[in-house]
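Within every chain, numbering begins at 1; the chains are lettered A, B, ... in the order of the sequence lines, protein sequences first and strands thereafter. Everything numeric in this text was worked out from a predicted model, so none of it was measured.
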Amino acid sequence: MTGVFFETGSLFSGPEPDPAGDAGHPDPPARVGFFTDTSVCIGCKACEVACKEWNAIPEDGLTLTGMSYDNTQGLGASTWRHVAFIEQSAPRQVPAESAAPDGRTHLPLAEEDPQRPAGDVRWLMSSDVCKHCTHAACLDVCPTGSLFRTEYGTVVVQEDICNGCGYCVPACPYGVIEQRKDDGRAFKCTMCYDRLGAGQEPACAKACPTDSIQFGPLDELRERAALRVDQLQEASVPEARLYGHDPEDGVGGDGAFFLLLDEPEVYGLPPDPVVTTRDLPAMWKHAGAAALSVAAGAVASFVLPALLRRKGRR
Amino acid sequence: MSGTTTGIQGKGHKGRRGKGEELMVPRAEFDSYYGRPVIKAPSWKDRDIAGYFFTGGLAGAGSVLAAGAQLTGRPTMAKALKISSLAAISLSTAALINDLGRPARFAHMLRVCKPTSPMSVGSWLLAGYGPMAGAAAASAVTGWLPRAGAAATGAAAVLGPAVTTYTAVLAADTAVPAWHGAHRELPYLFAASATAAASGMALVVSPTRETGPARCAAVLAAAADKAATAAAERRLGMVAETYRSGKAGKLMRCAQALTVAGAATAGLLGGRSRPAAVAGGLALLTGSALTRFGVFHAGMASAEDPKYTVQPQRERRRERAAETESRGRSHTHPHS
């Protein structure tokens, strides 16, 4: 994308069928993405490890949080996949014929505790990642053009361009991208741009043992996700819902979307994210009006005292 | 996808268990992932970025007043404001470069021109404004090239207002609730605060007979500052808490008090007493700086607490669902 002096987008928000094409890629391949089905995530963190290994991400702290089995805590400059562990007390009724996939048997729980009603505690696990938004605020606000849209419709940082201004960090509605402290530049998931170019799937999806992380053309993933949600709801999991799949949402739909078993905020995800640049035309308009008011105020300040003095003299 | 939720809102169940101690702390009325923030707060340092908001405003509005002073025959005020604008914009540029993660790569800012990035727009604005402010000041100090100096003064006065207000867009064009939520009001607050600072500077550096316009501008700016702050807080709803409590609350209260007191002192006594004018001017300058630091820290507080991200978004989603439902109902029963 170097050499593009004026980068403008006609669409700030809303459905956008061809982000790569609109970013200037002639005849781009199909847009790819992740569908993370958290209902089959077992919290093994193979995705976290595979991501770190493949992308050679530095170690970023070996602390015990004490809050749960999650000691990674969240996405950041050196954590591009993050497995959330949610331990919650939930009044969950496990149906007799539960949602065991075909061919697998359900084992009974070890010991029924009379003090604890069945299903009192449940664990939710979810592997979080950069959403590769259709309307990506990080990319929109980047002043250097370091962040760019790839031919696959993903969003990637060019590390030789990033000057560490940090503007993308608060712009992201999901709190994904971050500056590395000792380096200053911003880093995030590239959806393994190098592997995509070689016809490989991203490392996290490759490593996932339960297919909780699925990679593929976005259209195909959306269809698959819709089927899976129906399947779960028929199997008495009414709380199953998709998150980030809708091209009509505040970011025009995510390139990485999720099947969740609770409200998004429980997983640390924003309930109704909106790309900040949706309101940018209004902001520029008000800034222009405010700039005019500075000039008008100054003119008034020079004219009013003169008028008053003349009146006083009369 | 039904709306049924069996999340950790199941507080009642646990609480009603007869025996044993209450293990859970009472739940807040919103959910979060162990209280961790949803968005990431900027890594910007307040001295650099809030300081830049202040010095940029002082410089930009100062250039406007300097042009007015030159046009109306107030040479001391014009010259002093040109010097203060150059000093302020130099300081702010240094602060901006210092805040980069890779300061050596600051020139990458001018690699592209992106209207979708307020920081890119600002970089180009500074690249245009800075030399103009510099030329205006240089000509005023040395007396050389008075015509070119006048042209530079005019150009700086044209670009100055944009320099004062684009910083509001810079802050508002983020996911930070206290900034984005006030994206309509922040430019006016920044405009008012910049004018207050510049008129304060004019009061400090100019002889009494030249400060009439500065006193008038100070009063106008203080009134506009108060109105814009009130409007922003009204718009923000529960997020306005971040402007009223904690560090930001303290800063905003001091800022308002100093701005009002400074404008009142300047307006009522500044025309007769030089010490009063200087005191009023200093109060206005400090008030403006504190306003920017207050806005900065309100934003940080709103980014660090997930409730300011989650609650307004949940509210928005609920309203939208209710709207869709009522529309759906009127479609199915068009006559009811």
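- Of the possible polar contacts, one joining the W284(A) side chain to the P115(B) backbone as a donor-acceptor pair under 3.5 Å is found.
- For F302(A), the side chain to side chain contact (heavy atoms under 4.5 Å, CB included) test picks out L65(B), A69(B), T72(B), R74(B), M77(B), P213(B), with sequence neighbours left out.
- Interface remark: of the candidates D183(A), V176(A), L304(A), D183(A) forms the most heavy-atom pairs closer than 4.5 Å to chain B.
- D246(A) is linked by a salt bridge (charged side-chain N to carboxylate O under 4.0 Å, His left out) to nothing, counting only residues two or more places apart in sequence or in another chain.
- Heavy-atom distances place no part of A306(A) under 4.5 Å from chain B, backbone and side chain included.
- Of the residues considered (R320(B), E185(B), R317(B)), R317(B) shows the highest number of contacts with chain A, using heavy-atom pairs under 4.5 Å.
- Taken from SG in C168(A) to NZ in K40(B), the straight-line distance is 11.0 Å, to the nearest 0.5 Å.
- Between the side chains of S32(B) and E265(A), no donor-acceptor pair of N or O atoms lies under 3.5 Å.
- Comparing G68(B), A214(B), A191(B) by heavy-atom pairs within less than 4.5 Å of chain A, the highest count is held by G68(B).
- P187(B) and A287(A) get closest at one heavy-atom pair: CB-CA, 3.7 Å.
- A salt bridge (charged side-chain N to carboxylate O under 4.0 Å, His left out) with D272(A) holds for exactly one of R318(B), R316(B), R314(B); it is R316(B).
- With respect to chain B, the highest number of heavy-atom pairs below 4.5 Å among A171(A), A295(A), A137(A), P281(A) belongs to A171(A).
- Of the listed residues (G184(A), G175(A), P170(A), G166(A)), the greatest number of heavy-atom pairs within a distance under 4.5 Å of chain B belongs to P170(A).
- Here D48(B) pairs with N98(B) under the side-chain hydrogen bond (donor to acceptor under 3.5 Å, both in side chains) rule; sequence neighbours left out.
- Both the backbone and the side chain of A84(A) come within contact range of chain B, with heavy atoms under 4.5 Å apart.
- Smallest separation of non-hydrogen atoms from A298(A) and V64(B): CB-CG1, 3.4 Å.
- Below 4.5 Å, heavy atoms of chain A meet heavy atoms from P161(B), A162(B), T164(B), T165(B), Y166(B), all part of residues 159-166 of chain B.
- Checked against Y33(B) for a side-chain contact (heavy atoms from CB on, under 4.5 Å), the options I86(A), D128(A), L269(A) give a single hit: I86(A).
- For the pair Y167(A) (side chain) and L170(B) (backbone), a donor-acceptor distance under 3.5 Å is present.
- Within the 4.5 angstrom heavy-atom criterion, atoms from both the backbone and the side chain of C165(A) approach chain B.
- Contacts of P42(B) with chain A are made by both backbone and side-chain atoms, with heavy-atom separations under 4.5 Å.
- Proximity to chain A is absent for every atom of F190(B), based on heavy atoms less than 4.5 angstrom apart.
- The most heavy-atom pairs under 4.5 Å with chain A, out of I39(B), T167(B), V38(B), D173(B), come from D173(B).
- With a 4.5 angstrom heavy-atom cutoff, A303(B) does not touch chain A via any of its atoms.
- Heavy-atom pairs under 4.5 Å with chain B were tallied for G164(A), S301(A), P305(A); the largest tally goes to S301(A).
- For the 3.5 Å distance criterion, the side chains of Y34(B) and D70(A) fail to qualify, holding no donor opposite an acceptor.
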Next item on the list: Determine, stepwise, if the pair T116(B) / L139(A) fulfils side-chain contact (heavy atoms from CB on, under 4.5 Å).
Entry: CA-CA 9 Å; T116(B) 63; L139(A) 191 160; over 6 Å; no
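- Put simply, the side chain of R36(B) gets close to the backbone of Q73(A): a donor and an acceptor are under 3.5 Å apart.
- Taking CZ of R184(B) as the start and CE of M283(A) as the end, the distance is 9.0 Å to the nearest 0.5 Å.
- With a 4.5 angstrom heavy-atom cutoff, A168(B) does not touch chain A via any of its atoms.
- Residue contact with chain B, scored on non-hydrogen atoms closer than 4.5 Å, involves the backbone of Y267(A) exclusively.
- Interface summary for chain B: among R180(A), R185(A), Q179(A), R278(A), the most heavy-atom pairs under 4.5 angstrom belong to R185(A).
- Under a cut-off of 6.0 angstrom, the local environment of NZ in K181(A) is sparse, with at most 12 non-hydrogen atoms contributed by other residues, nucleotides or ligands.
- Salt bridge annotation for D140(A)-K114(B): absent, with no cationic side-chain nitrogen under 4.0 angstrom from a carboxylate oxygen.
- Using modelled atom types, one side-chain atom of H108(B) and one backbone atom of I161(A) make a donor-acceptor pair closer than 3.5 Å.
- Ring geometry for H286(A) versus Y188(B): interplanar angle over 60°, hence perpendicular rather than tilted (30 to 60°).
- Only the backbone of I177(A) comes within less than 4.5 Å of a heavy atom of chain B; no side-chain atom from C-beta onward does.
- The shortest non-hydrogen separation linking P273(A) to Q313(B) is N-OE1, 3.4 Å.
- Ranked by heavy-atom pairs under 4.5 Å with chain A, the first of A107(B), P103(B), P118(B), A61(B) is P118(B).
- In terms of non-hydrogen atom pairs under 4.5 Å with chain B, the most contact-rich of T277(A), V169(A), D279(A) is D279(A).
- Annotation: maximal heavy-atom pairing with chain A below 4.5 Å, among V121(B), L71(B), V158(B), V219(B), occurs at V121(B).
- Interface remark: P264(A) contributes side-chain atoms only to the contact with chain B (heavy atom separation under 4.5 Å).
- Between the CG atom in N163(A) and the CZ atom in R102(B) there is a gap of 10.0 Å [rounded to 0.5 Å].
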